[in-house]
Undergrad: 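One structure is given below, represented as structure tokens, and several questions about it will come after.
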There are 2 protein chains.
Amino acid sequence: METGDLRSAEVEFVERIGLMSEEDGLPRIAGRIMGLLMLSEEPRTLDDLAETLQVSKASASTNTRLLDRIGMVDRTSRPGDRRAYYRIAPDALERSLERMRRRTQELVELVEEVLPEVPSESARARGRLTTMVRWHRFVLQELTSLQERWEDDDE
Amino acid sequence: METGDLRSAEVEFVERIGLMSEEDGLPRIAGRIMGLLMLSEEPRTLDDLAETLQVSKASASTNTRLLDRIGMVDRTSRPGDRRAYYRIAPDALERSLERMRRRTQELVELVEEVLPEVPSESARARGRLTTMVRWHRFVLQELTSLQERWEDDDE
DNA sequence: TTGATTGTTCAGTTCGGACTGAACGAGGTG
DNA sequence: CACCTCGTTCAGTCCGAACTGAACAATCAA
């Protein structure tokens, strides 16, 4: 088990990723797990994660499951070993973008739903909302093409 | 003062924007203010916002100031009137993108700082981190070009 | 069977940000 | 001056998410 304490620069990195994740709406521990796994040469077990990050096994379990569910980490395994080994999902970056796209899409739908309710006398409001829809649709489309270009370029 | 209660579809919209903002790391009330101002034909005073949203004036004040600071709303004024009138900043959409760019930039710097600390034996980890930097740099650059294309296209 | 090992779930606590009431400051008006 | 109006700030409360300990599967081994 590749445990061992982290060096101070690594601790710092893990904490900063934890804080950034919080701003993203993920629990801090989930972020710390991501940070640690980014730095890890080998996948890590639940106990390893809990011990290295000094959090309870319950938290480690809850948060790895969360990260697994949203596709940010993968569970892997080894022959003759009952434990699960967690690693950063190979497509984690794409998943992040995917999450962003979904959020943008949600906003577009929300605005489109309210638009018919805004009286036609409210010309400024209607114009503003219409622009919002156009903008977010544009962003949505660009994010998709961006990803395609990356995938082409990456190989 | 263009007060008056909101219709139910509008209340629904305002609440949903409030919830989405929370996921973005903004207070719910800040989001509700954004939602309300999106729908408003005229700018609104602090008292108007507080009353319509049924929150304290203190909250309205704190959150309009927050939104003003991050450039999402504007304070406007009228002759012979001491009050401030708040509206969605005309460049609010660009500001959102700006915020996203800053966050991406921060992440790039963070990873670049930790990379030299990762031992050269950790080939997988180093490769992963390097790809992360490349990806986010790519996104950063694309977001900028995206905005330029929008601005050209918009006129 | 008993006893480890691994992981999940749940009840309860903790902690921090959001929100409010109230006091205050800064201007304006009579 | 006294008395508004408008807005900010601060101390304190409240609420909910995050986290933990402990109990509980489930699986394997002896």
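Computed over heavy atoms, backbone and side chain alike; hydrogens, waters and symmetry mates excluded.
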Undergrad: Nearest whole angstrom, please: distance from the P of D:dC19 to the CZ of A:Arg65.
TA: 16 Å
Undergrad: Taking the side chain of B:Asn63 as its heavy atoms from C-beta onward, which of C:dC19, D:dA22, D:dA18 lies nearest to it?
TA: C:dC19
Undergrad: Just how far, in rounded Å, is P of C:dC19 from CG of B:Leu49?
TA: 14 Å
Undergrad: Provide, to the nearest angstrom, the distance between the CZ atom belonging to A:Arg44 and the P atom belonging to C:dT6.
TA: 17 Å
Undergrad: Where the side chain of A:Arg32 is concerned, which of D:dC19, D:dC6, C:dG7 is the nearest nucleotide?
TA: D:dC19
Undergrad: By nearest heavy atom, map A:Lys57 and B:Lys57 onto DNA chain C; which one lands nearer the 5' end?
TA: A:Lys57
Undergrad: Less than 3.5 Å between a donor and an acceptor, one on the side chain of A:Arg82 and one on the base of C:dT6, is that the case here?
TA: no
Undergrad: Figure out the CG/C1' separation between B:Leu26 and C:dG17, and round it to whole Å.
TA: 13 Å
Undergrad: Applying side-chain hydrogen bond (donor to acceptor under 3.5 Å, both in side chains) between A:Arg102 and each of A:Gln105, A:Glu106, A:Glu98, report the one that passes.
TA: A:Glu98
Undergrad: Any idea which of C:dG21, D:dT20, D:dG7 is nearest the B:Ser56 side chain?
TA: C:dG21
Undergrad: Rounded to the nearest Å, what distance is computed from the CG atom of residue A:Leu66 to the P atom of nucleotide C:dG7?
TA: 17 Å
Undergrad: Nearest to the side chain of B:Leu46, which nucleotide is it out of C:dG7, C:dC19, D:dG7?
TA: D:dG7
Undergrad: What's the shortest heavy-atom distance between A:Glu41 and B:Ala125, and which atoms?
TA: OE1-N, 3.0 Å
Undergrad: Does CZ belonging to B:Arg99 count more than 12 external heavy atoms closer than 6.0 Å?
TA: no
Undergrad: Whole Å only: how far is the CD atom of B:Glu22 from the P atom of C:dA18?
TA: 8 Å
Undergrad: Regarding B:Ala84, tell me which of base, sugar-phosphate or nothing describes its non-hydrogen contacts under 4.0 Å with the strands shown.
TA: sugar-phosphate
Undergrad: Nearest of D:dT8, D:dG7, C:dG7 to any side-chain atom of B:Ser61?
TA: D:dT8
Undergrad: To the nearest Å, how far apart are B:Ile29 CD1 and C:dT20 C1'?
TA: 9 Å
Undergrad: For residues A:Ser40 and A:Arg44, is any side-chain donor paired with an opposing acceptor at under 3.5 Å?
TA: yes
Undergrad: Between D:dC15 atom C1' and B:Leu19 atom CG, what is the distance in whole Å?
TA: 15 Å
Undergrad: Aromatic rings A:Trp150 and B:Phe138: how do their planes relate, parallel, tilted or perpendicular, breaks at 30° and 60°?
TA: tilted
